[in-house]
Protein chains: 2
Amino acid sequence: MGVIETTKSRAKRVEKAIELPLELPVGRILDGDCVDAMRSIPTGSVDLVFADPPYNLQLGGDLNRPDGSHVDAVTDHWDQFDSFKVYDDFTRDWLTEAKRILKPDGALWVIGSYHNIYRVGAILQDLGFWILNDIVWRKSNPMPNFRGTRFTNAHETLLWCSQGEKAKYQFNYRAMKTLNDELQMRSDWVLPICNGAERLKEGGTKVHPTQKPESLLYRVLLATTERGDVVLDPFFGTGTTGAVAKRLGRQWIGCEREGVYRDAALKRIEKELPLDESALTTMQAGRSAPKVAFGALVENGYIKPGTQVFDKKRRWVATVRADGSLAYEKQTGSIHGLGKELQGAPSCNGWTFWHYESEGEVKPVDAARKLYLLAVED
Amino acid sequence: MGVIETTKSRAKRVEKAIELPLELPVGRILDGDCVDAMRSIPTGSVDLVFADPPYNLQLGGDLNRPDGSHVDAVTDHWDQFDSFKVYDDFTRDWLTEAKRILKPDGALWVIGSYHNIYRVGAILQDLGFWILNDIVWRKSNPMPNFRGTRFTNAHETLLWCSQGEKAKYQFNYRAMKTLNDELQMRSDWVLPICNGAERLKEGGTKVHPTQKPESLLYRVLLATTERGDVVLDPFFGTGTTGAVAKRLGRQWIGCEREGVYRDAALKRIEKELPLDESALTTMQAGRSAPKVAFGALVENGYIKPGTQVFDKKRRWVATVRADGSLAYEKQTGSIHGLGKELQGAPSCNGWTFWHYESEGEVKPVDAARKLYLLAVED
DNA sequence: GTTTTGGTTGAATCTACGG
DNA sequence: GCCGTAGATTCAACCAAAA
């Protein structure tokens, strides 16, 4: 067959089908304090927690741009804490509950800035979470430092953690590599801040002061969850996590104290449509590393032996052989190896390098792989 | 004159000339544990501390404390909590000494990875350090994640802190903007890791496992120190900090336990040549934006009394008076103050707000200031 | 319709000095 | 400490209106 399913993922799927829908408030926003709300969630029942807690910004007076206009700052009461001690206690409380409700193989994401992330990071380590990566969200369009007093604060930090040093976790390496143009996804992500049509507004003013971009959640969920997984966001806000989860065929639970945010989130998620089966399946294919040998495509008739394959500029035209190897003049090799040799390159992704004609169109051989995966996965 | 020198910088220069050379082991590497070594440094005597502490948290297997001493697993109950505690104690110790030896207007830099930086960050906040920025060193050529189990760990984090929330600090805004092609320098820096000729090697193997690139120190020192400042590095290693400090005309002190590193560092710094006067002066000029009073331009004939000045849209046309104040109808004030009042704005930069005609062209009054500075600077 | 220009805005720990 | 005044500060993206 060529597609390998691990015992882990099989077990996980069974567990999901039987247990989860019975107990979890999936697709709902729990009212009230997030710690109280999480207490109603069974132990070990959630696949992923994504948290965007208050940053404890501690802003001083007003700030104006050089043109005299006023900067609309985060002055909301929910971001005010009296001291590090109060903030630390708050952080320890919600992280403790998050750890409890997560499955043993679940994972936690937290986003923050330098105001809070060092406290959050130290506390989650103390609680036994194991940091897998710290991810830097490099904003392509940050707010400048108007007074020229510091470096432009152009990034935020995300921490990705497993339940402990030895704990398993989900990482969809292939999906990330595909998303990153066949290079390993790095720990720094360049993404724009949330504005334009995506930004929720009510009467011209933003509904939430710190709405996160959907692209950020898209990458987080695509990288570290599977279809059907349950994702909980204890600081749900206007529901970016829920919207993206629904789109990607993940289940979601939110906690949010403010009625205004809850209402906006529900309306937003209502409008969201899940990606259709084929798109999700394709992603799944890219995701859980079912390594397909080119030979399997030949074996199964997706690429016929004798087919001519060529690079985009048609510098080289090679022939597919029955065993899945390619032949070009006297050279032979795998799709990757031959591509590498012909180009004299240090490496080559044969899936995207080689193309073939099908129904009058030129397609990368990766297209055949995707067709194959579609057929195999159901 | 028109060029204002602040009392702060004047005081600083005097202080440097009189006190520092007498007491500080400048240009020397102190032997032994860094905390002990720092104890020999007078309180409030150092302008900058740059620290690249170890993060040898070894969980499981043989355990060593950060000072190198071995933990007896038989007598010491050792778990993750203990190992964090040992590291935290070590961190608190050296940060406490660093805080003591720093001048009230001094600053601290620490570099680390996700293994240790969250602990360091939380502790330095607890000690009263005030984080000014966290800087992401984005490696242009990181080591890939060979097993495909996580995101490529492609960055390290630096924390830049003042002595406290209200403390002053040095930030050479102009120098950074110049270095960054006239855009504000951001909190994410793209720099290659240290390799090639820069990497110290002995018989083919690297002398130090984590030698930092000189470009990193160059940016740190250029951004946050002045010529002649004293920079102390408590984990000196092979002396990158010292080498770059010498090149940039800063004074340096190192602490290093390992004789091998001390020897390599001394040899390396010996070979380093300070940049010549003109290179350093040029950088200095870009840096500290001498302040010019508008009155000085009038005094010196760059703007004549009676000149009509106006905003871009010519909503207001004011007259320059002999004392450098402006008059509009019955209102008078400085270029900044009047501009602010007329617009009803919270602030106004008169230099760019007001314009005048000269040789048939409309120019901001800032153009006159630049002419004046050109004439004065040589 | 297309391009240009001007206005607005975003998780921000955002001044220095003298009296 | 506080208060008042002089002086020095912005980048990318999106949108709407004008050309």
Side-chain angles (χ1 to χ4, degrees), chain A residues 52-76 78-81 84 111-117 137 139-157 190 192-199 201 204-206 208-213 235 237, chain B residues 4-9 125 129-134 161-162 164-166 168-169 171 173-174 177 180-187 289-295 312-313 324-325 333-341 346-353 366 369:
Chain A
D52 180 11
Y55 287 8
N56 188 25
L57 284 186
Q58 306 281 341
L59 300 177
D62 278 3
L63 179 64
N64 297 300
R65 299 187 181 80
D67 66 5
S69 64
H70 183 255
V71 175
D72 185 13
V74 179
T75 51
D76 305 71
W78 49 254
D79 196 48
Q80 314 290 329
F81 295 82
F84 281 138
I111 182 167
S113 66
Y114 67 84
H115 309 85
N116 70 324
I117 200 68
W137 168 27
K139 302 179 185 184
S140 56
N141 49 351
M143 179 146 59
N145 181 297
F146 297 116
R147 306 301 293 267
T149 55
R150 304 182 180 186
F151 298 97
T152 306
N153 191 9
H155 73 276
E156 294 188 23
T157 302
V190 180
I193 61 176
C194 178
N195 58 12
E198 188 186 325
R199 187 88 195 207
K201 299 210 170 146
T205 59
K206 49 193 178 188
H208 193 284
T210 69
Q211 187 182 338
K212 294 292 174 292
F235 307 96
Chain B
I4 297 160
E5 185 177 55
T6 64
T7 42
K8 182 199 155 195
S9 62
Q125 285 182 314
F129 280 111
W130 191 250
I131 300 180
L132 297 165
N133 279 115
D134 57 347
C161 317
S162 69
E165 182 177 359
K166 307 288 183 193
K168 293 196 192 331
Y169 56 90
F171 180 53
Y173 177 74
R174 282 297 326 160
K177 193 163 174 174
N180 196 39
D181 203 18
E182 288 306 314
L183 287 178
Q184 285 191 341
M185 187 70 79
R186 299 167 40 116
S187 56
K291 294 177 190 174
V292 178
F294 183 70
K312 230 178 200 168
K313 296 184 182 168
S325 65
S334 71
I335 55 170
H336 311 292
L338 186 64
K340 172 179 148 177
E341 274 186 46
S347 67
C348 169
N349 177 7
W351 292 112
T352 51
F353 179 73
D366 200 39
R369 180 172 60 159

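Naming convention: chains lettered A, B, ... in sequence-line order (proteins, then strands); numbering from 1 in each chain.
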Check your understanding: How close or far is atom C1' of dC14(C) from atom CD of Gln184(B), stated in whole angstroms?
Key -> 10 Å

Exercise for review: Please figure out whether Arg186(B) or Ile335(B) has its closest DNA chain D nucleotide nearer the 5' end.
Suggested key: Ile335(B)

Review point. In whole angstroms, how far is the C1' atom of dC11(D) from the CZ atom of Arg147(A)?
Key: 17 Å

Practice item. For Phe171(B) and dA8(D), give me the distance from atom CZ to atom P, rounded to whole Å. Key: 17 Å

Check your understanding: Which part of the nucleic acid, if any, lies within reach of Pro142(A) when heavy atoms closer than 4.0 Å are counted: base, sugar-phosphate only, or nothing?
Key -> base

Practice item. Measure the distance from CG on Asp72(A) to P on dT9(C) and round it to the nearest whole Å. Key: 8 Å

Practice item. Using the P atoms only, state how far dG7(D) lies from dG19(C), rounded to an integer number of Å. Key: 15 Å

Check your understanding: Under 4.0 angstrom, heavy atoms only, what part of the nucleic acid is Cys161(B) near: base, sugar-phosphate, or nothing?
Key -> nothing

Exercise for review: Determine the interatomic distance between C1' on dT9(C) and the same-named atom on dT10(D); round to the nearest Å.
Suggested key: 12 Å

Point to revise | Whole-Å gap separating C1' (dG10(C)) and NE2 (His155(A)) | key: 16 Å

Review point. What does Asp52(A) touch in the nucleic acid at a heavy-atom separation under 4.0 angstrom: a base, only the sugar-phosphate, or nothing?
Key: base

Review point. At under 4.0 Å between heavy atoms, what does Gly350(B) touch on the DNA or RNA strands: base, sugar-phosphate, or nothing?
Key: nothing

Exercise for review: Pick base, sugar-phosphate or nothing for Ser113(A), based on heavy-atom distances below 4.0 Å to the nucleic acid.
Suggested key: nothing

Check your understanding: Within the structure shown, what part of the strands sits under 4.0 Å from Lys177(B) by heavy-atom distance: base, sugar-phosphate, or nothing?
Key -> sugar-phosphate

Review point. dT8(C) P sits how many Å from Lys206(A) NZ, rounded?
Key: 15 Å

Review point. So which one's nearest nucleotide on DNA chain D is more toward 5', Asp67(A) or Asn141(A)?
Key: Asp67(A)

Review point. dT10(D) P sits how many Å from Met143(A) CE, rounded?
Key: 15 Å

Practice item. Look at all strands and tell whether Asn64(A) reaches a base, only sugar-phosphate, or nothing, counting heavy atoms closer than 4.0 Å. Key: nothing

Review point. Hey, does Ile131(B) reach any base, or is it just sugar-phosphate, or nothing, if we go heavy atoms under 4.0 Å?
Key: base

Check your understanding: Contact class for Thr352(B) (heavy atom, under 4.0 Å): base, sugar-phosphate, or nothing?
Key -> nothing

Exercise for review: May I ask you to say what Asn145(A) touches in the nucleic acid, namely base, sugar-phosphate or nothing, with a heavy-atom cut-off under 4.0 Å?
Suggested key: base

Practice item. Using a 4.0 Å heavy-atom cut-off across all strands, classify Pro213(A) as base, sugar-phosphate, or nothing. Key: nothing

Check your understanding: Which part of the nucleic acid does Glu165(B) contact within heavy-atom distance under 4.0 Å: base, sugar-phosphate only, or nothing?
Key -> nothing

